[in-house]
**Q** 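Before we start, here is the structure in question, set down as structure tokens.
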Amino acid sequence: MKQKLLALAAVLALCFSLAGCTISTPDTVGTIGGQEISSGTYLLAQFDAYQQAAQYAGEDQDPSNVKAFLKETITPDGGDSITVSDFVAQTTQEDLQRYVAVENRFSELAGDLSEDYTSQADSYTDQLMDSYGDLYKSNGIGEDTIRQYEYNLAKQAALVNLIYGPDGETPLTDDQLTDHLENEMLYIRYVTVPLYNTSTYAFADEDQTSQMLQLAQDAAAASTPDTFDDTVAAALPDIYAVLDSELSAEDAASQLSSSFLSQDQLDSSFSEEDAATLRGLQYGDACAVTYSSTSILIAMRLDPLDTMSLDLLRSTVLSDMATPMVDADMKEAGAALETNLDQSAMAKLPASKIKMN
């Protein structure tokens with residue numbers, strides 16, 4: 001019997017060494033819009049989809065336990081409850097459809113990426129490989145796949161100008177851009193105050209946070225567009241002092257800055273209440289709110305066109321307004337593509353084999 005088992009083992013070993021008997025990784029997983037999808041691109045889209053699902057994990061769910069988490073149920077923002085495995089499969093396909101739609105649209109309008117876009121994509125790829133190269137490799141994802149995916153994202157970014165820019169296929173008018181700038185974008189003069197001692201890094205407790213926020217709100221309430229900088233700078237040393245941190249008047253004044261807050265930043269970095277407070281600011285209004293749970297934001301909303309021209313702001317406004325439009329365009333175009341993915345090929349690349357570390 002022992003000899004028979006050894007003989008069987010030898011036959012199996014020989015069989016799996018031959019091409020016809022090897023359980024191999026497929027080169028492609030089918031086509032979308034007639035374009036072949038490589039297994040590496042599929043694995044990357046699937047890996048990213050799983051990372052998205054992990055963001056919706058509940059307190060009692062552990063995304064690091066991949067096989068178990070795939071059986072769990074999550075509720076994406078603004079969506080219905082769905083099992084993680086279904087979410088990953090659906091999101092993977094949607095991203096692959098977007099990928100092909102971007103390639104098609106970019107080829108139709110341009111054909112080549114500019115050096116600015118390629119250098120940025122190369123830089124992002126190098127950063128990802130430096131930080132997560134081993135993790136990608138353990139998931140069957142190579143550097144070339146990452147680079148091509150970053151090029152695809154760069155092409156999608158370039159479509160903003162190619163479709164909606166001044167010389168684009170369907171340029172947005174100055175009136176449209178101005179309306180978006182005035183009603184959808186938040187331009188603020190601001191300063192952030194850390195909710196921790198800047199020397200010891202000890203975080204503020206609830207009472208200290210409340211005290212610091214009240215002082216910040218008092219400074220905001222006492223400000224006008226002409227006095228905001230001086231009023232806030234004068235208040236900052238006392239706010240820092242709550243945590244025994246020191247800040248000179250000169251350093252306080254140098255911390256003030258101006259910038260745009262995007263709608264995505266409002267949703268991701270502030271509570272619903274604080275985001276609503278910021279969105280409700282009129283020109284010249286100021287407020288103080290908690291920012292990302294680690295700092296306080298003291299801000300006054302200003303009219304950017306008081307100090308800058310639309311031409312100067314055009315690229316910023318165009319990006320803010322047209323990026324979601326391109327996202328929607330590519331999602332619609334991708335969904336319309338003929339999708340012929342090979343279930344048997346995808347079965348050899350299951351999400352259950354994803355490695356998280």
Side-chain angles (χ1 to χ4, degrees), residues 25-53 70 74 76-80 82-114 117-118 121 124-125 136 139-142 144-165 168-172 318-319 321-351 354:
T25 299
D27 292 331
T28 65
V29 294
T31 64
I32 294 178
Q35 180 173 316
E36 287 192 334
I37 305 299
S38 72
S39 60
T41 302
Y42 175 81
L43 287 170
L44 177 57
Q46 181 176 251
F47 182 76
D48 284 349
Y50 187 86
Q51 301 305 314
Q52 292 180 48
L70 285 168
I74 56 174
D77 295 336
D80 298 324
I82 185 174
T83 62
V84 173
S85 58
D86 285 345
F87 175 90
V88 170
Q90 177 181 316
T91 304
T92 298
Q93 179 169 308
E94 288 175 351
D95 191 40
L96 292 173
Q97 290 171 330
R98 178 208 60 80
Y99 185 100
V100 175
V102 168
E103 293 293 321
N104 291 345
R105 195 74 170 98
F106 185 81
S107 178
E108 176 187 348
L109 293 176
D112 295 306
L113 275 177
S114 70
Y117 281 109
T118 56
Y124 286 155
T125 300
Y136 282 125
N139 281 283
I141 303 166
D144 185 60
T145 296
I146 300 290
R147 195 173 303 279
Q148 292 307 313
Y149 191 84
E150 288 299 323
Y151 281 2
N152 180 266
L153 293 178
K155 291 175 183 178
Q156 181 163 338
L159 286 175
V160 168
N161 252 311
L162 291 171
I163 299 175
Y164 297 110
E169 183 182 61
T170 312
L172 295 173
L318 179 64
S319 177
M321 183 176 181
T323 295
M325 296 169 67
V326 170
D327 290 344
D329 291 343
M330 294 305 100
K331 183 175 182 179
E332 181 180 358
L337 293 171
E338 183 178 353
T339 299
N340 294 308
L341 295 179
D342 185 341
Q343 295 300 321
S344 63
M346 293 188 295
K348 296 177 182 179
L349 306 168
I354 288 175

**Q** So, the side chain of Thr92 versus the backbone of Val88: is there a donor-acceptor pair under 3.5 Å, distance only?
**A**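 Flag set: sc Thr92 to bb Val88 pair under 3.5 Å.
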**Q** Could you pull out all donor-acceptor pairs under 3.5 Å where a side-chain atom in residues 329-338 meets a protein atom, sequence neighbours excluded?
**A**
unit_1 : atom_1 : unit_2 : atom_2 : d
Asp329 : OD2    : Tyr164 : OH     : 2.6
Glu338 : OE2    : Asn340 : ND2    : 3.1

**Q** Measuring from Gln35:CD to Thr28:OG1, what's the distance to the nearest 0.5 Å?
**A**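 OG1 of Thr28 is found 11.5 Å from CD of Gln35.
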**Q** Is there a donor-acceptor contact under 3.5 Å from the side chain of Thr91 to the main chain of Phe87?
**A**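 Confirmed, Thr91 side chain pairs with Phe87 backbone.
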**Q** I'd like to check Leu44 versus Asp48 (side-chain heavy atoms, cut-off strictly below 4.5 Å). Are they in contact?
**A**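 Of all side-chain heavy-atom pairs linking Asp48 with Leu44, at least one is under 4.5 Å.
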**Q** Specify the closest pair of heavy atoms between Ala158 and Phe106, including all atoms of both residues, with the distance to one decimal.
**A**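 What the structure gives for the nearest pair is CB-CE1, 3.9 Å.
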**Q** Just how far is it from atom CD1 of Ile354 to atom OH of Tyr50, taken to the nearest 0.5 Å?
**A**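 With rounding to 0.5 Å, CD1 (Ile354) is 6.5 Å from OH (Tyr50).
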**Q** Evaluate the criterion side-chain contact (heavy atoms from CB on, under 4.5 Å) for residue pair Lys348 and Val29; output intermediate values, then yes/no.
**A** CA-CA 10 Å; Lys348 296 177 182 179; Val29 294; over 6 Å; no
**Q** Evaluate the criterion side-chain contact (heavy atoms from CB on, under 4.5 Å) for residue pair Glu36 and Thr41; output intermediate values, then yes/no.
**A** CA-CA 10 Å; Glu36 287 192 334; Thr41 302; over 6 Å; no
**Q** Taking only Lys NZ, Arg NE, NH1 and NH2, and the carboxylate oxygens of Asp or Glu, determine whether Arg147 and Asp144 approach each other closer than 4.0 Å.
**A**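 Answer for the salt bridge query: no.
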**Q** With a 4.5 Å limit on heavy-atom distance, are the side chains of Thr31 and Val100 in contact?
**A**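 No - every pair of side-chain heavy atoms lies 4.5 Å or more apart.
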**Q** When you check the gap from the basic side-chain N to the acidic O, do Arg105 and Glu108 get nearer than 4.0 Å?
**A**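 Answer for the salt bridge query: yes.
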**Q** Given side chains that start at C-beta, do those of Asp342 and Pro26 come closer than 4.5 Å, heavy atoms only?
**A**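 No; the side chains remain at least 4.5 Å from each other.
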**Q** Under a 3.5 Å distance rule, please check whether Gln93 uses its side chain to pair with a backbone N or O of Thr339 as donor and acceptor.
**A**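 Between the backbone of Thr339 and the side chain of Gln93 there is no qualifying donor-acceptor contact (under 3.5 Å).
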**Q** For Leu349 and Gln46, which heavy atoms make the closest approach, and how far apart are they?
**A**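 So the two residues come closest at O-NE2, 3.1 Å.
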